[in-house]
2 protein chains.
Amino acid sequence: MNQNNKKLVASVTSRDQDFAQWYTDLCLKAELMDYSDVKGFIIYRPYGYAIWEGIQGYLDKRFKETNHQNVYMPLVIPESLFQKEKDHVEGFAPETAMITTTGVEDLQERLIIRPTSETLFCTHYQKIVNSYRDLPKMYNQWCSVVRWEKTTRPFLRGKEFLWQEGHTVHATEEEARRETLDILEIYRELGEKYLAIPFVTGRKTEKEKFAGAVETYSIEALMHDGQALQSGTTHFFGQNFSKAFDIKFTDENNTLQYAYQTSWGVSTRLIGAVIMVHGDDEGLVLPPYVAPTQIVIIPIQGQKPEVQEASKSLYDELKKAGYRVSLDDSNKSAGWKFAEYEMKGYPVRIEVGPRDLEKGEVTLVTRHDRKKHQYKVSDVANSMEHILKDMHDTLYQRALTHVNEHTYEAKTYDEFKAYIKMGGYVAMSIADEEVEIQIKKDTTATARVIPFDQKLITENCPVSGKKATQTIWFARAY
Amino acid sequence: MNQNNKKLVASVTSRDQDFAQWYTDLCLKAELMDYSDVKGFIIYRPYGYAIWEGIQGYLDKRFKETNHQNVYMPLVIPESLFQKEKDHVEGFAPETAMITTTGVEDLQERLIIRPTSETLFCTHYQKIVNSYRDLPKMYNQWCSVVRWEKTTRPFLRGKEFLWQEGHTVHATEEEARRETLDILEIYRELGEKYLAIPFVTGRKTEKEKFAGAVETYSIEALMHDGQALQSGTTHFFGQNFSKAFDIKFTDENNTLQYAYQTSWGVSTRLIGAVIMVHGDDEGLVLPPYVAPTQIVIIPIQGQKPEVQEASKSLYDELKKAGYRVSLDDSNKSAGWKFAEYEMKGYPVRIEVGPRDLEKGEVTLVTRHDRKKHQYKVSDVANSMEHILKDMHDTLYQRALTHVNEHTYEAKTYDEFKAYIKMGGYVAMSIADEEVEIQIKKDTTATARVIPFDQKLITENCPVSGKKATQTIWFARAY
């Protein structure tokens, strides 16, 4: 490692020394984002935004394949409209930003910048849903939302963030419940197949559910530091919103019925999950399918014609094969380039040098394990699919092992507290919401999910001594 | 035409009777949009949004091929930041919406919802541009912006609209000027190759240019009613913003220089252009490449197994060939379906009926001329590329003929007034800005563009009698 390399790497805080500072360092130094002049509003720089475009591409395709349609609803919600569903407004009111004036004249009614768009979708659905023939309606929108959070961190919690929000209307409860779980499965697969993140899925407790929902489901990811990150949610609304917004349809027997609804979303918070699940002390580690650049080719002694030629021809071959590849033939030092692209987490680096070329070879370095491999030049393109798949699988397994090694069952409250301190998920069978509140007060750990597979660990609740009613996974969370 | 058909079609106002009402009817009845509870903010319904997604797809590819990168800047601009470039703030201040409170507490500084993001990009560029090695920076973002317009119309003028805004920084004036014109050409080609709209291009007058620009260029489209629609603009900023925002870099001789900048954008206004250039009394006419659904297959006597089978197999074949095709085998009447898909402007309708099938044929109806064609079932898929290309070319030529037939040269002011009344572009050689203002006052016509090919029509200005300095295309405009 040369001088430049050392210097660049040294500027990232060690992950195990100060995880929070390591995270911020990566966000800035990998050029994913920058701060703007307004606290809590970030700039998504090209590299960070490209990761989001990847996630958008994956999900948008899945949504469309499952008959969802994209729409765009207004940015603003009249204050009176926002107040229609009681629980919903109570949940969101404290963090709403409002337009009150144009600078020239004050508005007659304050306009809330959407923190989420249930009220807008419901108003529209009320107008366009009349008959069972109009159902289901399954809409999604890609947009940004604003929530006036006090404590903000890049990607994890901001006053503005980018997301998709799906909003659907169904004729039957069964269909709406199925939609809620179908989307949860699409989110889970986004993790398994695209981000190499093993999401834990389950239902949220009453306390943690969405404001206005009957049930909320969640995908949770475990960060390297043992804290959980809620990474996406789906909500079954029952008829809560359809009754508040009067969304009725005539069924096949010509009877008026209230519709059943869902909503669901994931956000740029997923970028934070990718960073904190896979990154290391050298910088980002991007799973190959989401990585904006999958392969970088670096000529060594690039002034030599045979190096130039081989680099260019390998670049063309990989590009033609559909890989996202770049060629850095700038006059920066090789050491600088190595450090830079390790920092940015490019999955594969190919060093094309004269000595390797004499043997008809190049050196290929995989970012996730920083191992060097010698490849025949003629084998590189053919091997790439396997290399990337293997890398994806390894990253997923590594993250899964991390989850498994940091998932505990607590039979006593002392055990629970000890596990929570160690970091990770702790399953415990508790009595009721009072206990959930007590646990948060005592340990700052919150209920992440009620797993689908229910089995009581202890007959009685270790905290209250009362009969245990369900097993919940707890963790400290972002 | 059966009863249903008649009824549906009759509900659209005739284009030549009341163009404005016809336009609004189409927007609503083709389900492109709906009004929201806040005047000037519209709902982009699935069909309207899909057109926008098509435009996004075309442009995003072109931008990326030409080395532009997508980013996302904050929704809000601190009022003090917005005021940094004098002309810019004067141009936009009257129509800015401001966040002043969260409902719980008032903000210390008012935040403007972006009407355009020059100030945000400039602040960021000031931080990240240091050396000529950092240049050019060529960023684009897809987002919505808010301008507090008094008079609003769907897609044409709204308090909120969707757009892309490109913002670039260059080391030299030449490169920035080239970028301004390169993007103008991409916009022009969007019209020629994708929307079947012959855009007229040229420079804006000083009076009509963008607030803060040195020069503004524009693509203008001529609507069926003879009014022009400014459909996109590119701006050369020179060093206006770099001086106001202190964007400097060290050049190759280690000298500090102010950078040169551009910005450019098109918006969902283009949807309005597509409607008003191509639509007719039966509804929308969508050019085939932008049409979300290119082909609809309608079984006639769909209960017959051979009809079902042939319809399904044709659907599969066309879908596999990459066309955007739908099959409507619902139990609605054929007449209803014909009217519905004519209203929505689907380019091709294929009627699959038992009598045609006996001859191995289907009936194909092209929307733009409503002509019926008999095709061998086995020829349909192979012919489709040609059918769509021919339709695109015909639509483009039809629109171009409309432009040519409504473009006039005026040698006297009386001629000018007469032509303007007839609708269309009127070229006249005028003396100065005073005349331009006078013309607008007298006729409501505005300067659309100063064409690149300059040739004086008259030696003296027909309005002022002074020496003519340049030829300008005028029109009444949306």
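In what follows, chains are A, B, ... by sequence order, proteins preceding strands, each numbered from 1. Everything quoted here is computed from the prediction, not taken from an experiment.
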Sole candidate of B:Leu120, B:Leu75, B:Val76 that passes side-chain contact (heavy atoms from CB on, under 4.5 Å) when paired with A:Val38 |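 The single option meeting the side-chain contact (heavy atoms from CB on, under 4.5 Å) with A:Val38 is B:Val76.
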Can you measure from [atom1] ([X]) to [atom2] ([Y]) and round to the nearest 0.5 angstrom?
{"X": "B:Thr102", "Y": "A:Arg147", "atom1": "OG1", "atom2": "CZ", "value": "15.0 Å"}
{"X": "B:Trp148", "Y": "A:Leu107", "atom1": "CH2", "atom2": "CG", "value": "5.0 Å"}
{"X": "A:His124", "Y": "B:Ile43", "atom1": "NE2", "atom2": "CD1", "value": "5.0 Å"}

Any idea how A:Tyr72 and B:Tyr44 line up, ring-wise: parallel (<30°), tilted (30 to 60°), or perpendicular (>60°)?
->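 If you compare the ring of A:Tyr72 with that of B:Tyr44, the planes turn out perpendicular.
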Would you please go through residues 91-101 of chain A and name the residues with a non-hydrogen atom below 4.5 Å from one of chain B, in numerical order?
->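 A:Ala93, A:Pro94, A:Thr96, A:Ala97, A:Met98, A:Ile99, A:Thr100, A:Thr101, listed by number.
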Which residues in residues 60-71 of chain A have a heavy atom less than 4.5 Å from any heavy atom of chain B?
->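 Interface residues of residues 60-71 of chain A: A:Asp60, A:Lys64, A:Gln69, A:Asn70, A:Val71.
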Report yes if some heavy atom in the side chain of B:Ile128 is under 4.5 Å from a heavy atom in the side chain of A:Arg45; otherwise report no.
->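 Result yes, sub-4.5 Å side-chain heavy-atom pair found.
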Any side-chain heavy-atom pair from B:Pro74 and A:Glu160 closer than 4.5 angstrom?
->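 A side-chain contact exists here, since the closest heavy-atom pair is under 4.5 Å.
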Looking at [options], which one has more heavy-atom pairs under 4.5 Å with chain A than the rest?
{"options": "B:Val146, B:Ile77, B:Ile42", "result": "B:Ile42"}
{"options": "B:Leu162, B:Leu81, B:Val104", "result": "B:Leu162"}
{"options": "B:Lys127, B:Glu105, B:Arg110", "result": "B:Lys127"}

By a 4.5 Å heavy-atom criterion (distance strictly below it), what part of A:Glu31 contacts chain B: side chain, backbone, both, or neither?
->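 Neither part.
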